[in-house]
There are 2 protein chains.
Amino acid sequence: MPDSKPKFRRESPEQRRVQLIEATLRVIARKGVSAATVREISAEAGVAFSLIRHHFNTKEDLMYAAYAYHMRKMAQASLAAATDMGRPLKDRIRQCIRDTLSPPVTDGAALQVWAGFIQMVPHDARMKQIHMETYLGFRDALEPLIIEAQAAQKQPAEPALVEQKAIACNAVLDGLWLEGSMLPDMLPTEQLIAVAEFAIFAILGPIDLD
Amino acid sequence: MPDSKPKFRRESPEQRRVQLIEATLRVIARKGVSAATVREISAEAGVAFSLIRHHFNTKEDLMYAAYAYHMRKMAQASLAAATDMGRPLKDRIRQCIRDTLSPPVTDGAALQVWAGFIQMVPHDARMKQIHMETYLGFRDALEPLIIEAQAAQKQPAEPALVEQKAIACNAVLDGLWLEGSMLPDMLPTEQLIAVAEFAIFAILGPIDLD
DNA sequence: ATGCTTACTGCACATTTGTACAATAATGGG
DNA sequence: CCCATTATTGTACAAATGTGCAGTAAGCAT
């Protein structure tokens, strides 16, 4: 009975790549970037460590892929509610705040992964590119909300002011995300959300009509 | 003439420790944490690599020391103006904003160092301790300003509200510091400061009297 | 079934890492 | 001036890391 117990499963390159990427992120979240060696990652994924180099030209390539994957997932989880037209503006804003400042976005493991990658950004053009796309994507998703808010208050949406408010709101969320991820005991989710709503509506002005 | 050219200079342990710490920070800023090996650091400091273990029990100890040193320096540069009584409240706030969002605090190299250490925080009790002290130190320095601001507006300084405003202002500064350090071309210093003043005075309320 | 493609394994290798330790020499106190 | 102290060097070493490569076997096409 030769085929009774296959020694390994043969996956499509796409699936395997995703498996390896997710294993990488789990390892980084659990033990930090320095522990994310090819051997540790492949063990986490349950494959031979030499398989990594079959799907990625180099370990760095795996890191790029993992970074892009992680950032895209975070941005998506954070901003899903922004474009959900049909809900009142204020609801959408509050939902984005909540999604951004709750797990799994605001989370020690996610911060862990993010911080590990951040230190590559200044030294690496590809990382910098990925970061800029993510940052601008976030801000671009925020601006329509600001413009709507201006309209709701019957005020003109001057581009300079809209940009300023977008940067400010982004900063509030970034800062709270940071501290909330780092010190969850000191800054529980609900408090983070309360502070964010307070600050963001102070910046945007009152939005009571819809 | 045997003594004409000494092979090395003998320093006091305190001075040498500081030299090694600063060399560590320079290496991390220039090449990232993974490049901060004992050999690289000692080369930067101009000493034999085995000297590190004479002044620090382990490489980890050097890292702790470097982290504490870096954070203390940043906090000091950021908050020097906060306690400078004799200047009007609004001036002090604006000076803190400027100091926080200008080099050398808001700066790619400083972020680099910070991010490198941050990823150690969740895995390491001593790192977490250092981070918490720094964070609380910052907030504690901010709260008196908020209380003064409440008083200037003839409003009671309810502890819960003061804490909320302190967290919010901290978040604004953290977030802008982050993005300004990472993307200096996109967010130049003066724009960062303008956004911060806008957001923080929106949170605190108008402070026109002193 | 059979064969072909290629996903996958296993092992070896050079390099780099933190650490250990004995030898050396700078410097202050006598 | 000389000696004791100890800051500093030089070398050695085991462990770990990314990469290279030959061979194996899973699974689809025919």
Side-chain angles (χ1 to χ4, degrees), chain A residues 1-24 27-28 30-67 116 119-120 123-124, chain B residues 1-24 27-28 30-67 116-117 119-120 123-124 126:
Chain A
M1 43 168 134
D3 264 357
S4 65
K5 195 158 109 191
K7 292 191 173 172
F8 55 85
R9 236 183 87 87
R10 211 181 153 99
E11 304 267 3
S12 78
E14 298 75 28
Q15 285 182 339
R16 197 57 102 185
R17 280 175 62 96
V18 172
Q19 289 175 9
L20 289 172
I21 286 171
E22 290 180 340
T24 302
V27 170
I28 292 177
R30 196 180 327 119
K31 302 193 184 179
V33 186
S34 59
T37 65
V38 289
R39 284 166 178 81
E40 186 83 25
I41 293 168
S42 49
E44 173 74 26
V47 300
F49 75 88
S50 51
L51 182 61
I52 287 184
R53 296 229 337 121
H54 186 260
H55 291 286
F56 297 91
N57 279 334
T58 168
K59 191 200 161 193
E60 268 203 318
D61 279 352
L62 170 57
M63 289 299 175
Y64 294 132
Y67 181 48
Q119 60 173 342
M120 306 184 198
H123 303 308
D124 197 294
Chain B
M1 42 168 137
D3 264 355
S4 65
K5 197 158 101 190
K7 291 191 173 171
F8 55 85
R9 238 182 86 87
R10 211 181 152 101
E11 304 266 4
S12 78
E14 297 76 29
Q15 284 182 339
R16 196 58 100 187
R17 280 176 62 97
V18 171
Q19 289 174 10
L20 289 172
I21 287 171
E22 290 180 340
T24 302
V27 170
I28 293 178
R30 197 181 326 120
K31 303 193 185 179
V33 187
S34 59
T37 65
V38 289
R39 284 165 178 81
E40 187 83 25
I41 292 168
S42 50
E44 172 74 25
V47 299
F49 76 88
S50 51
L51 183 61
I52 287 184
R53 295 228 339 123
H54 185 259
H55 291 285
F56 297 91
N57 280 334
T58 167
K59 191 201 163 192
E60 268 202 318
D61 279 354
L62 170 55
M63 290 299 177
Y64 295 133
Y67 182 46
F117 286 129
Q119 60 173 336
M120 307 183 197
H123 301 307
D124 197 295
R126 285 167 68 185

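Since this is a predicted model, take the numbers as computed values, not measurements.
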Atom pairs and distances, donor-acceptor, side-chain atoms in residues 54-63 of chain A, under 3.5 Å, two or more places apart:
unit_1: A/T58; atom_1: OG1; unit_2: A/E60; atom_2: N; d: 3.4
unit_1: A/K59; atom_1: NZ; unit_2: A/A36; atom_2: O; d: 3.0
unit_1: A/D61; atom_1: OD1; unit_2: A/R126; atom_2: NH1; d: 3.4

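A heavy atom closer than 4.0 Å to some atom of DNA chain C occurs in B/T37, B/V38, B/R39, these being the qualifying members of residues 32-46 of chain B. Residues of residues 54-61 of chain B that place a heavy atom closer than 4.0 Å to DNA chain D, in numerical order, are B/H54, B/H55.
Scored by the side chain to side chain contact (heavy atoms under 4.5 Å, CB included) test, A/R53 finds no partners at all (sequence neighbours excluded). Looking at residues two or more places apart in sequence or on another chain, you find a side chain to side chain contact (heavy atoms under 4.5 Å, CB included) between A/S50 and A/A48. For the side chain to side chain contact (heavy atoms under 4.5 Å, CB included) test, residues two or more places apart in sequence or in another chain that qualify with A/E11 are A/R9, A/Q15, A/R16, A/Q19. Judged as a side chain to side chain contact (heavy atoms under 4.5 Å, CB included), and not counting sequence neighbours, the contacts of A/A23 are A/R26, A/I41, A/E44, A/A45.
Put simply, CG on A/L51 is 13 Å from C1' on D/dA26, counting in whole angstrom units. Regarding A/Q15, its CD atom lies at a distance of 14 Å from the C1' atom of D/dG27, rounded to whole Å. Rounded to an integer number of Å, the gap from CD of B/Q19 to C1' of D/dA7 is 12 Å. We find that CD of A/E14 is positioned 13 Å from C1' of C/dT6, with the value rounded to whole Å. Atoms CG (A/L62) and P (D/dG18) sit 10 Å apart, rounded to a whole Å. Rounded to a whole Å, the CG atom of A/L20 is 12 Å from the C1' atom of C/dC8. Atoms CZ (B/R9) and P (D/dT8) sit 10 Å apart, rounded to a whole Å.
In this structure, the separation between OH on B/Y67 and CG on B/D124 is 10.5 Å, given to the nearest 0.5 Å. Atoms OG and CE, on A/S34 and B/M120 in that order, are 7.5 Å from each other to the nearest 0.5 Å.
The salt bridge (charged side-chain N to carboxylate O under 4.0 Å, His left out) pairs that include a residue from residues 34-43 of chain B are B/K31-B/E40, where partners are two or more places apart or lie in different chains.
Inter-residue side-chain proximity for B/V33 and B/F117 is flagged as unmet; no heavy-atom pair is nearer than 4.5 Å. Within the 4.5 Å cutoff, the side chain of B/L20 has heavy atoms near those of the B/V47 side chain.
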Taking only nitrogen or oxygen atoms into account, show me every contact under 3.5 Å that the protein makes with nucleotides 22-25 of chain C, one pair per line with its distance.
unit_1: C/dA25; atom_1: OP1; unit_2: B/K7; atom_2: NZ; d: 3.4

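Contact between the side-chain N/O atoms of B/R16 and the OP1/OP2 oxygens of D/dT8 is found at a separation under 4.0 Å. The phosphate of C/dA20 (OP1 or OP2) has a side-chain N or O of B/R53 nearer than 4.0 angstrom.
Smallest separation of non-hydrogen atoms from A/A65 and A/I21: CB-CD1, 3.7 Å.
Note on the helix from C/dA1-D/dT30 to C/dG30-D/dC1: angle between the axes of the first and last five pairs equals 10°, rounded to 10 degrees.
In terms of position along DNA chain D, the nucleotide closest to B/S12 lies nearer the 5' end than the nucleotide closest to the other residue of the pair B/S12 and B/F49.
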